[in-house]
Amino acid sequence: NIDNPMETLVSGEVEAINPMMADQKNVTFLSSEKVICKLGEINYGKNSYVIDDLVFEKPYVKFELDSVSNNLFRIFKYDIEEDSTETVSENEDPLYYALNHVQVNQGRMDYTDNLTGQPFDYALSEIEVDTDSIYSDSEWVDVLSTMVLNDRGTLKAEIGYNPLDPMYATIDIAIEDFVLSDLNIYSSYYTGH
């Protein structure tokens, strides 16, 4: 309706080739070879967002933990102490979102922990994630994932959580060929031997 553009409906497919985000030092912290998003229906007027497929091909995340926060919280200026309660006005529909399928193929995450006196680096590679429907009103979501730990061990995980209360989750993991010496810095720092 050209007289009411707020009631526009959007559907289709969006592809982003080589999206990348860098910090102020020009260090890449988030990237992907390709992101494919198949939009079911975006209805801004009704505050409804339905995505049929969201696929990340070879995504990369750099995560650095320190005693106060982490690099992603600092970059996006997220303060966990802030009051996150949001109110919906009487005239506004509540937010509804649906992700019918989310997939990650050949992902990589470089993890750095700066809590141990010297940086502890760990690489998660060949990350595969597959999950079915995630809705804003879902009571439970299961996520399946596999990855390679520090270029040698493997991890298979099934994680279940409640999107309305993400502090509660179930985690079922199986680890093979894990090398304990990769964690020597933790045993030295936390146990002293």
Side-chain angles (χ1 to χ4, degrees), residues 16-37 54-85 99 102-131 134 140-193:
I17 307 299
N18 295 319
M20 185 268 298
M21 297 180 84
D23 61 17
Q24 292 180 338
K25 296 177 183 174
N26 207 25
V27 174
T28 300
F29 67 88
L30 197 59
S31 67
S32 188
E33 188 173 279
K34 184 192 300 186
V35 179
I36 302 166
C37 181
L54 185 57
V55 180
F56 298 90
E57 297 289 345
K58 296 186 178 178
Y60 170 76
V61 175
K62 181 175 182 60
F63 184 82
E64 294 182 0
L65 182 67
D66 61 40
S67 62
V68 178
S69 184
N70 63 67
N71 64 319
L72 300 179
F73 282 11
R74 282 191 302 277
I75 290 167
F76 293 110
K77 300 189 184 319
Y78 175 76
D79 184 0
I80 201 162
E81 298 297 321
E82 290 179 3
D83 183 13
S84 62
T85 58
L99 296 167
V102 178
Q103 187 174 354
V104 173
N105 297 316
Q106 297 180 341
R108 180 170 179 87
M109 177 176 161
D110 288 335
Y111 171 81
T112 300
D113 184 340
N114 293 309
L115 296 174
T116 56
Q118 62 185 23
F120 165 71
D121 296 316
Y122 202 82
L124 305 172
S125 60
E126 297 181 39
I127 299 171
E128 303 286 329
V129 177
D130 195 11
T131 183
I134 302 172
W140 197 256
V141 174
D142 287 315
V143 179
L144 304 175
S145 177
T146 61
M147 63 192 72
V148 173
L149 304 173
N150 228 26
D151 298 324
R152 42 187 164 228
T154 59
L155 179 142
K156 292 181 183 178
E158 182 176 333
I159 300 170
Y161 71 99
N162 179 348
L164 303 175
D165 183 13
M167 297 306 289
Y168 176 74
T170 61
I171 301 172
D172 183 11
I173 61 172
I175 299 173
E176 294 180 359
D177 301 322
F178 173 70
V179 180
L180 196 56
S181 62
D182 284 347
L183 302 179
N184 275 352
I185 192 169
Y186 282 129
S187 60
S188 299
Y189 183 79
Y190 289 110
T191 63
H193 60 82

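One-based numbering along the sequence shown.
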Check: Leu124 versus Leu149: any side-chain heavy-atom pair under 4.5 Å?
Finding: yes
Next item on the list: Would you indicate whether the side-chain heavy atoms of Met147 and Glu128 approach each other to under 4.5 Å?
Entry: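 Answer no - side chains too far apart.
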Note to self: Run Ile127 and Gln106 through side-chain contact (heavy atoms from CB on, under 4.5 Å) and show every step you take.
What the structure shows: CA-CA 5 Å; Ile127 299 171; Gln106 297 180 341; over 6 Å; no
Next item on the list: Identify, with sequence neighbours excluded, every residue that meets side chain to side chain contact (heavy atoms under 4.5 Å, CB included) alongside Lys34.
Entry: Glu15, Ile17, Ile36, Glu57
Check: Which residues satisfy the side chain to side chain contact (heavy atoms under 4.5 Å, CB included) test with Ser67, sequence neighbours excluded?
Finding: Leu115
Of all residues at least two apart in sequence or in a different chain, which pass the salt bridge (charged side-chain N to carboxylate O under 4.0 Å, His left out) check with [X]?
X	result
Asp66	Arg74
Asp121	none
Asp182	Arg152

Within this structure, what is the [atom1]-[atom2] distance for the pair [X] and [Y], rounded to the nearest 0.5 Å?
X	Y	atom1	atom2	answer
Tyr78	Leu72	OH	CG	12.5 Å
Phe56	Cys37	CZ	SG	8.5 Å
Leu65	Asp113	CG	CG	5.0 Å
Ile171	Ser145	CD1	OG	11.5 Å
Leu30	Met109	CG	CE	11.5 Å

Margin query: On a heavy-atom basis, which atom in Asn71 and which in Lys62 lie closest, and how many Å separate them?
Written below: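 Smallest heavy-atom distance, with atoms named: ND2-O, 2.8 Å.
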Could you list the donor-acceptor pairs under 3.5 angstrom formed by side chains in residues 19-29, with sequence neighbours left out?
unit_1: Asp23; atom_1: OD1; unit_2: Lys25; atom_2: N; d: 2.9
unit_1: Asp23; atom_1: OD1; unit_2: Asn26; atom_2: N; d: 3.1
unit_1: Asp23; atom_1: OD1; unit_2: Val27; atom_2: N; d: 2.9

Only counting residues at least two apart or in another chain, list the ones meeting side-chain hydrogen bond (donor to acceptor under 3.5 Å, both in side chains) with [X].
X	answer
Glu126	none
Asp172	none
Asp142	Trp140

Next item on the list: Using modelled atom types only, decide if a donor and an acceptor are shared between the side chain of Asn150 and the backbone of Ala123 within a distance under 3.5 Å.
Entry: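 The answer is yes, because a donor-acceptor pair under 3.5 Å joins these two groups.
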Please list every donor-acceptor pair under 3.5 Å in which a side-chain atom of residues 154-170 meets a protein atom from a residue at least two apart or in another chain.
unit_1: Asn162; atom_1: OD1; unit_2: Leu164; atom_2: N; d: 2.8

